[in-house]
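Start at 1 and go down the list; that is how both ligands and their atoms are numbered.
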Amino acid sequence: MKNRLSLLGGLTVNQFLQEYWQKKPLLIRQAVPAFNGLLNPQQLISLACTDDVQARLVTQSRGKFALQHAPFEAGDFDALGKTKWTVLVQGVNHYLPEAAALLKRFAFIPHARLDDLMVSYAPKGGGVGPHFDSYDVFLLQGHGHRRWQISQQKDQTLVADAPLRILKDFRVEQEWVLAPGDMLYLPPHCAHNGIAEDDCMTYSIGFRTPAYQELAEQFLVYLQDRIAVSGMYADPDLETQKHPSEISAAMLRQTEQAINRVRWDQEDIANFLGCYLSEPKPHIFFDAPDRPLSQAKFRQAIQKRGVRLDLKSQMLCHTGWIFMNGEAHRVGKRDYSVLRALADERELPALEDCADAVSELLYQWYQDGYIVPN
Ligand code: SIN
Ligand code: CO
């Protein structure tokens, strides 16, 4: 990680991680030279009107914000007239190969932290108001210009009863106008406000930071299907009690001892984390191939041309475990390094000597629509 990256304004990845990541904002002029975006406003609006795509429309009138969620119809946008507005589409990398390619430039941050690529479009004056996110985000400017105002203020009080999270008292500390190819990195909880200076598209590469509460709750959900506690409640020495409605101290003690026998180890936690972080969001559906190749034909295809992940697939791994879209698979050492390469690069070149176990797993994923032969 010693190479200086123009994406990081000439910093090495290590310098960026040590000085800025999760610590302070960084403005990078011409992070992606000649970048003018991957889709035009009309294409983004069409995506916002597509089934199962997560999109929001934020409008502003006399300083008040309003929020609508997808599904949208093209007419919803025609009717906006002179209102200040912005449309924001999540998960654009699930629909556009060029967007997935853009995310690859950010692979110096582990995939387990990546959320998605959100793209916004706003005509002049549009924006979502001053707010903060619990994400690390790289805000890459596409077409047009956006004024970014930021503040590292401690006061994070929000406007009460607003449909969006708007900061009540936003005090601008720094501001810049970003042109196509410029990028602003913001750590979580850094207050920001982006205002379109003209017809403006912004690409937000977001990295999630799950709350401990969420991790703990979800771990308990994961554990409920896996715990094994033997034995049954027994009270051969039951004693009479004055109030039959009272739970006795003896009953409580016995239950406490049983619950204290619930155990988990690091492998359970790794397994939970891999499944949880690779789990697709609830609106994501995979398309199984209409007329799937036979297993033998599939094997020939991947031996000749290799295989790639479907744009919606999320794949992670940890010491012998492969996590594909929320499912865990234990694999042998050699197979692990092949599948880890697929997880790293989202594709594999021709797999000339593909082991049977790998080929079977890949075939299963192909039938589920998780991967496609090249
Ligand atoms: C936008 O693209 O308009 C908003 C991005 C953000 O503030 O998080
Ligand atoms: Co934000």
Side-chain angles (χ1 to χ4, degrees), residues 22 24-28 31-32 35-41 43-45 47-48 53-60 65-70 77 80 83-93 99 102-103 106 114-153 156 158-159 162-168 170 172-209:
Q22 295 248 299
K24 57 184 182 189
L26 175 65
L27 172 71
I28 306 147
V32 184
F35 183 72
N36 200 19
L38 307 175
L39 68 186
N40 62 34
Q43 289 166 321
L44 189 71
I45 288 173
L47 199 54
V53 170
Q54 273 193 320
R56 287 168 293 157
L57 171 63
V58 176
T59 50
Q60 282 173 64
F65 288 88
L67 171 68
Q68 282 168 261
H69 288 278
F77 298 91
L80 290 165
T83 326
K84 286 181 187 168
W85 62 276
T86 181
V87 61
L88 306 110
V89 181
Q90 295 293 152
V92 174
N93 51 307
L102 176 67
L103 287 190
F106 295 83
L114 179 65
D115 189 46
D116 69 351
L117 174 71
M118 178 183 84
V119 182
S120 70
Y121 163 68
K124 188 175 164 65
V128 299
H131 66 283
F132 64 90
D133 302 303
S134 48
Y135 275 55
D136 293 272
V137 67
F138 292 92
L139 297 156
L140 172 64
Q141 186 59 31
H143 179 78
H145 298 80
R146 185 180 288 275
R147 178 176 301 273
W148 280 110
Q149 306 175 316
I150 68 162
S151 167
Q152 287 181 288
Q153 64 192 65
Q156 301 206 326
L158 300 176
V159 173
L164 279 86
R165 294 156 42 84
I166 306 285
L167 279 168
K168 198 165 164 212
F170 178 58
V172 180
E173 289 170 357
Q174 281 176 290
E175 71 174 74
W176 308 273
V177 174
L178 271 66
D182 292 346
M183 187 167 78
L184 178 61
Y185 162 73
L186 296 178
H189 294 102
C190 177
H192 54 286
N193 185 29
I195 308 152
E197 293 271 299
D198 44 27
D199 250 19
C200 163
M201 298 191 75
T202 300
Y203 291 67
S204 300
I205 298 104
F207 293 89
R208 60 174 154 176
T209 53

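Distances from the Co ion (ligand 2) to each N, O or S atom of Asp133 single out OD2 as the nearest.
In terms of modelled atom types and a separation under 3.5 Å, the side chain of Gln153 and the main chain of Gln156 share no donor-acceptor contact. Using modelled atom types, no side-chain atom of Gln54 and backbone atom of Gly91 make a donor-acceptor pair closer than 3.5 Å. The closest donor-acceptor contact from the side chain of Arg165 to the backbone of Phe132 lies under 3.5 Å. Of the possible polar contacts, one joining the Tyr203 side chain to the Leu38 backbone as a donor-acceptor pair under 3.5 Å is found. A donor-acceptor distance shorter than 3.5 angstrom exists from the side chain of Asn93 to the backbone of Leu117, with no hydrogens or angles considered.
Relative orientation of the Phe138 and Phe106 rings is tilted, given thresholds of 30° and 60° on the angle between their planes.
Listed by chain and residue number, the protein contacts of ligand 1 are Leu88, Met118, Ser120, His131, Asp133, Arg146, Trp148, His192, Thr202, Ser204 (heavy atom within 4.0 angstrom).
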